[in-house]
Amino acid sequence: MTTVTGRSHRADQRSAVPMDVAWEVGERLRSVRGLGPSLLGGHPGVAVLHAVLSADDPAWASVCHAHLVAAGEVAPEALVPAALVHRRVHGGGYEGLLREAGVALAEVCERWPKPERLGMADYDVISGLTGRGRLLLALGGDRCSSALERVLEYLVALTRPTVVDGVEVPGWWCAPDRYTVEVDRERYPRGDFNAGLAHGISGPLVLLSLAHRHGHRVAGMTDAMRVVRDWLLRWAWTDESGVGWPSRVGFEAQVSGRAVPASRSAWCYGTAGVAFALHLAALELGDAGAAALALGAVERPGLSEGPTFCHGDAGLLQITRRMGSPAADAVAARLLTAFDPSSRFGFRHHLHTGEQIDAAGLLQGAAGAALALATHAGNPAPWDAALLLS
């Protein structure tokens with residue numbers, strides 16, 4: 001591994017190796033350019049890694065700034081996560097950027113359209129109101145808090161029943177004409193109910209729970225949290241490997257009550273993300289039974305789909321760490337095994353085709369893997385708010 005000057009040495013052997021790898025990835029991503037303006041795949045996400053590393057060595061802060069500059073023309077909200085980490089770690093900085101981003105983000109949320117037929121991109125973490133609402137909560141201040149209230153009201157409304165083909169169903173039913181992938185229309189011809197953290201109702205449940213924890217309350221909020229909790233408990237699946245959840249529940253399954261098998265265990269979809277959302281909500285609602293069920297669901301993490309964050313071990317590691325699960329050590333060991341010094345950035349993203357590619361970014365690249373290892377090693381920077389894990 002590259003030796004980084006200025007690195008503080010750690011006595012804790014458990015943290016030393018993960019931080020060595022995180023720093024190595026940071027070095028490999030130091031000067032990379034041409035990644036684009038996306039938070040999840042481009043320079044703003046890589047900047048988050050260097051902002052986190054600057055908690056150990058302030059010299060990394062200039063590398064963070066260089067990546068923010070390299071992003072070029074970008075939606076202000078994409079720059080918020082790295083700037084927030086910098087402010088938290090160093091006690092200030094980027095105040096003008098954060099103020100302008102907060103105003104722009106509030107305006108976007110206040111003008112958010114309310115379509116007659118819902119699509120997951122209307123409300124999800126990646127493209128919708130839930131992800132933007134989490135940034136409003138992190139930014140704080142009167143302007144952002146006012147816009148956050150509108151977001152929370154929107155999400156509460158999602159939990160109220162709607163009528164589809166004469167049948168009352170949960171309000172987050174997604175219409176098939178709003179699908180962006182043809183195979184979804186074939187699989188769910190009458191629409192579906194998405195359970196996942198990234199694109200489903202578990203994301204709004206996390207934001208409602210976090211807002212509740214921080215004192216942001218709107219009418220019907222706790223009832224909405226209970227509605228989603230009860231729905232997730234209904235679809236919990238138990239087999240020899242433990243408790244799990246499906247990624248999505250089709251219209252016919254919802255109406256008939258037919259069981260839907262558990263799916264992957266990942267941040268984006270399936271058991272790990274759902275368990276995190278349920279655990280957080282259960283703590284806010286004082287539901288010890290649901291909290292215990294959710295914690296038990298991540299005690300035996302299943303096979304992942306590679307080392308990166310979205311559907312791999314980095315996301316699973318961050319979830320198990322945030323939930324205080326002892327499974328985190330086993331997942332971290334698996335992630336460290338995936339470190340490949342011969343690859344460009346140290347970790348390769350695994351595609352569904354079986355191909356492995358060199359990617360730098362936060363969600364499907366080496367930066368996300370390094371960030372999860374840094375958290376596991378004890379770095380305190382709260383970098384994962386944009387992914388709803390803090």
Side-chain angles (χ1 to χ4, degrees), residues 1-7 14-54 56-57 60 63-64 66-67 70-71 81-82 264-268 272 301-321 328-377 379 383-384 387:
M1 292 185 185
T2 303
T3 300
V4 186
T5 58
R7 163 97 192 262
R14 186 188 67 82
S15 67
V17 172
M19 279 307 299
D20 286 345
V21 172
W23 276 59
E24 173 68 15
V25 173
E27 279 293 333
R28 292 176 183 226
L29 293 173
R30 176 189 288 272
S31 302
V32 66
R33 291 295 180 266
L35 299 178
S38 163
L39 168 65
L40 300 179
H43 284 289
V46 174
V48 173
L49 171 60
H50 293 106
V52 166
L53 294 179
S54 74
D56 286 335
D57 183 345
W60 286 109
V63 184
C64 166
H67 280 288
R264 63 171 61 144
S265 185
W267 170 81
C268 56
L303 295 176
S304 70
E305 299 178 26
T308 49
F309 199 95
C310 185
H311 50 253
D313 276 331
L316 189 54
L317 174 58
Q318 197 69 9
I319 286 172
T320 51
R321 283 287 299 178
D329 286 336
V331 180
R334 200 162 67 186
L335 181 55
L336 287 168
T337 299
F339 178 73
D340 181 0
S342 69
S343 66
R344 183 181 179 191
F345 304 125
F347 291 97
R348 289 191 172 99
H349 177 58
H350 293 196
L351 301 176
H352 294 305
T353 60
E355 183 184 1
Q356 298 182 20
I357 62 171
D358 290 312
L362 177 62
L363 197 62
Q364 297 183 332
L371 281 162
L373 288 171
T375 298
H376 185 66
N379 187 296
W383 63 270
D384 53 356
L387 300 177

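When reading the values below, keep in mind they use all heavy atoms of this one structure, side chains included, and skip hydrogens, waters and symmetry mates.
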Report task. Flag the pair Pro307 / Arg334 as yes when at least one side-chain heavy-atom distance between them is below 4.5 Å, and no otherwise. Result -> no

Side-chain donor-acceptor distances from residues 352-361 under 3.5 Å, at least two apart:
| from | atom 1 | to | atom 2 | distance (Å) |
| --- | --- | --- | --- | --- |
| Thr353 | OG1 | Glu355 | N | 3.4 |
| Asp358 | OD1 | Arg344 | N | 3.4 |
| Asp358 | OD1 | Arg348 | NE | 3.4 |

Query raised in the report: For the atom pair CG (Leu49) and CH2 (Trp60), what is the distance rounded to the nearest 0.5 Å?
Result: 7.5 Å

Requested in this report: Find the distance between CH2 (Trp267) and CD1 (Ile319) and round it off to the nearest 0.5 Å.
Outcome: 8.5 Å

Return yes if some donor-acceptor pair links the side-chain N/O of [X] with the main-chain N/O of [Y] below 3.5 Å, else return no.
X	Y	answer
Asp384	Gln318	no
Ser343	Gly346	yes
Arg321	Ala372	no

Query - Leu371 and its side-chain contact (heavy atoms from CB on, under 4.5 Å) partner, picked from Asn379, Val48, Leu53, Val25 - result: Val48

Atom pairs and distances, side-chain donor-acceptor, residues 35-46, under 3.5 Å, sequence neighbours left out:
| from | atom 1 | to | atom 2 | distance (Å) |
| --- | --- | --- | --- | --- |
| Ser38 | OG | Leu40 | N | 3.1 |
| Ser38 | OG | Gly41 | N | 3.1 |
| His43 | ND1 | His67 | ND1 | 3.0 |
| His43 | NE2 | Gly34 | N | 3.2 |
| His43 | NE2 | Leu35 | N | 3.2 |

Nearest heavy atoms of [X] and [Y], plus distance in Å:
X	Y	result
Pro18	Leu373	CB-O, 3.6 Å
Ala328	Leu317	O-CD1, 3.4 Å
Leu387	Leu363	CD2-CD1, 4.2 Å
Leu316	Pro301	CD2-CB, 3.5 Å
Cys310	Ala266	O-CB, 4.0 Å
His50	Gly26	NE2-O, 3.0 Å

Query raised in the report: Can you list the residues that meet the ring pair (Phe, Tyr, Trp, His ring centres under 6.0 Å) rule with Phe347, with sequence neighbours excluded?
Result: Phe339

Query raised in the report: Sequence neighbours excluded, which residues qualify as ring pair (Phe, Tyr, Trp, His ring centres under 6.0 Å) partners of His349?
Result: His311

Query - All side chain to side chain contact (heavy atoms under 4.5 Å, CB included) counterparts of Ala51, not counting sequence neighbours - result: Cys64, Val85

Report task. Among residues two or more places apart or on two chains, list those pairs meeting salt bridge (charged side-chain N to carboxylate O under 4.0 Å, His left out) that have a residue in residues 38-48. Result -> none

